[in-house]
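Read through the structure below, which is laid out as structure tokens, and then see the notes.
Protein chains get the first letters and strands the later ones, always in sequence-line order, with residue 1 at the start of each.
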Protein chains: 2
Amino acid sequence: MSESDHKQEQIIETALKRFAHFGINKTTMSEIADDLSSSKASLYYYFPDKASLILAVIKHLLKIYHTEITKHFRKAGSVKEGLYSIIDIRNSFARKYFMLHLGSEGLQDITVNEQAIKTILREAEQAEITLLAELLEKDMAKGIARERDARATARTAIDMMIGLHLSSIVKKERRIIPDESHFDELTKQQKFACDLLIEGINK
Amino acid sequence: MSESDHKQEQIIETALKRFAHFGINKTTMSEIADDLSSSKASLYYYFPDKASLILAVIKHLLKIYHTEITKHFRKAGSVKEGLYSIIDIRNSFARKYFMLHLGSEGLQDITVNEQAIKTILREAEQAEITLLAELLEKDMAKGIARERDARATARTAIDMMIGLHLSSIVKKERRIIPDESHFDELTKQQKFACDLLIEGINK
DNA sequence: ATTTGACTATTTGAATAATAAAGTCAAATA
DNA sequence: TATTTGACTTTATTATTCAAATAGTCAAAT
């Protein structure tokens, strides 16, 4: 890694810390520079504008997420284990990086190319579907799972988990920072839903 | 029905039409009065303030919804048919009354007792869960469905359908009025998910 | 008991000013 | 040459004002 790349990484990680704590809108470039004991102008040497820094931070975060998911999926022996990993990792990220408001309501009135963010979120989503679909195909090959369009099924299963997350947000008071118990209950419901999905309601 | 009750009903129905078309915020009390060829002051004879009119309109709407659902549930022979009814009726309401933004993002910055609305929405939700749980219990008695906590299962199934709806909103551009095809696609995905839920992924 | 016109009180929205933050650049540094 | 910086300009956000729109009231009329 070059000197320059290293500095970029540092900026991204520092920005992420502030974003996660105070939110993107409440974080100024000067503050990030101060955290680095550097100058604002220096930041602009590495990133053309705030929007591209935000984008880089989100990409960074998605990379971590993907690494984590991949690690778990290598150990997962079934679709169920895969889905459980997605639930746990997603919720731990949601807890940690709630202030970023990725997905759900967020990113509104942020001066950023919303389309670009949508695109990389979409890509991350596709990668996740692929991983789960592969697991499902293995289960189908083993004769554990019924034959069925693996991608469509994986996509719907993930959408359901995301959907339950969104449902839980909507039911809470708006604009309130959720507490630990909120995520605990959500995880419980998602796993219950997951079990339903896996086992099926009918005999 | 007394004369007074009749006038109240008229006001509610007129208000609903305007709310559905232009949204609650863009509808003034004067406009509602004009639609009724009446005076604004007259409205205030029947409703103490705008907030209580809004609440009455939402209650009215939920009553219609509940009637519709109940009608379908009497004919439904299985949980699957029940869930399909919920999907169809919910989506038809979402199409028709989108401008009210019930659930999802909406109701923000409306001068109304948000807690009161949450409460009646919660009640409506509970009633719906009860209906679906009854159907599920019948299926369990018939030996079609596995034995399982009927209420928790019904609740999760409905939450999933709502969740998929929310997912679809989040994935679209924000603050855009959705078109027909959006709801068509949503319905399709919800039914696919419903089938998964019912049949189960595994053999 | 209900309706109304004429009223007041509140809220909203547009315009403006003040402030803060984004973004630039020539000169300095290493 | 690559990087950093303080001082700068530009752009965006926030606070403030004020007129217009809307909510809400009430005594008099039906």
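You'll find a donor-acceptor pair under 3.5 Å spanning the side chain of B:K40 and the base of D:dG24, going by distance alone.
For C:dA30, the paired nucleotide is D:dT1, the pair qualifying as Watson-Crick or G-U wobble because both relevant distances are below 3.5 Å. The partner of D:dT30, taking Watson-Crick or G-U wobble pairs whose two distances both stay under 3.5 Å, is C:dA1.
For B:Y46, whose side chain is taken as the heavy atoms from C-beta onward, the closest listed nucleotide among D:dT3, D:dT5, C:dT3 is C:dT3. Ranking D:dG6, C:dG23, C:dT4 by closeness to the A:A41 side chain, first place goes to D:dG6. Of the candidate nucleotides D:dG6, C:dA22, C:dT3, C:dA22 has the atom nearest to the side chain of A:T28. In this structure, of C:dT2, C:dT4, D:dA23, it is D:dA23 that holds the atom nearest to the side chain of B:Y44. Of the candidate nucleotides D:dT5, C:dG5, D:dG24, D:dG24 has the atom nearest to the side chain of B:D49.
With DNA chain C read from its 5' end, the first of the two nearest nucleotides for B:Y45 and A:T27 is the one closest to B:Y45.
For the pair B:E31 CD and D:dA23 C1', the computed distance is 13 Å after rounding to whole Å. The nearest whole Å value for the distance from the NZ atom in B:K26 to the P atom in C:dT12 is 12 Å. With rounding to whole Å, A:I11 atom CD1 is found 11 Å from D:dT3 atom P. Following rounding to the nearest Å, A:L36 (CG) and D:dT3 (C1') show an atom-to-atom distance of 14 Å. To the nearest angstrom, P of D:dG24 lies 10 Å from CG of B:L53. Atom P of nucleotide D:dT4 and atom NE2 of A:H6 are separated by 12 Å, given to the nearest angstrom. Atom C1' of nucleotide C:dA22 and atom CG of A:N25 are separated by 13 Å, given to the nearest angstrom. For A:M29 and D:dT11, the CE to C1' distance is 14 Å, given to the nearest whole Å.
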Can A:I169 and B:L166 be said to form a side-chain contact (heavy atoms from CB on, under 4.5 Å), step by step?
-> CA-CA 10 Å; A:I169 291 172; B:L166 294 172; over 6 Å; no

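Here the rule is side-chain hydrogen bond (donor to acceptor under 3.5 Å, both in side chains) with A:R90, and of A:E128, A:Q190, A:H165 only A:E128 fits it.
Taking only side-chain nitrogens and oxygens, B:S38 comes nearer than 4.0 Å to OP1 or OP2 of C:dT4. OP1 or OP2 of D:dT4 lies within a sub-4.0 Å distance of a side-chain N or O belonging to A:K7.
Environment of CD in A:E185: sparse, with no more than 12 heavy atoms of neighbouring residues, nucleotides or ligands closer than 6.0 Å. In this structure, A:K59 places its NZ atom where only 12 or fewer heavy-atom neighbours from other residues, nucleotides or ligands lie under 6.0 Å away.
Remark: A:S39 pairs with no residue by the side chain to side chain donor-acceptor pair (under 3.5 Å) rule, at least two apart or across chains.
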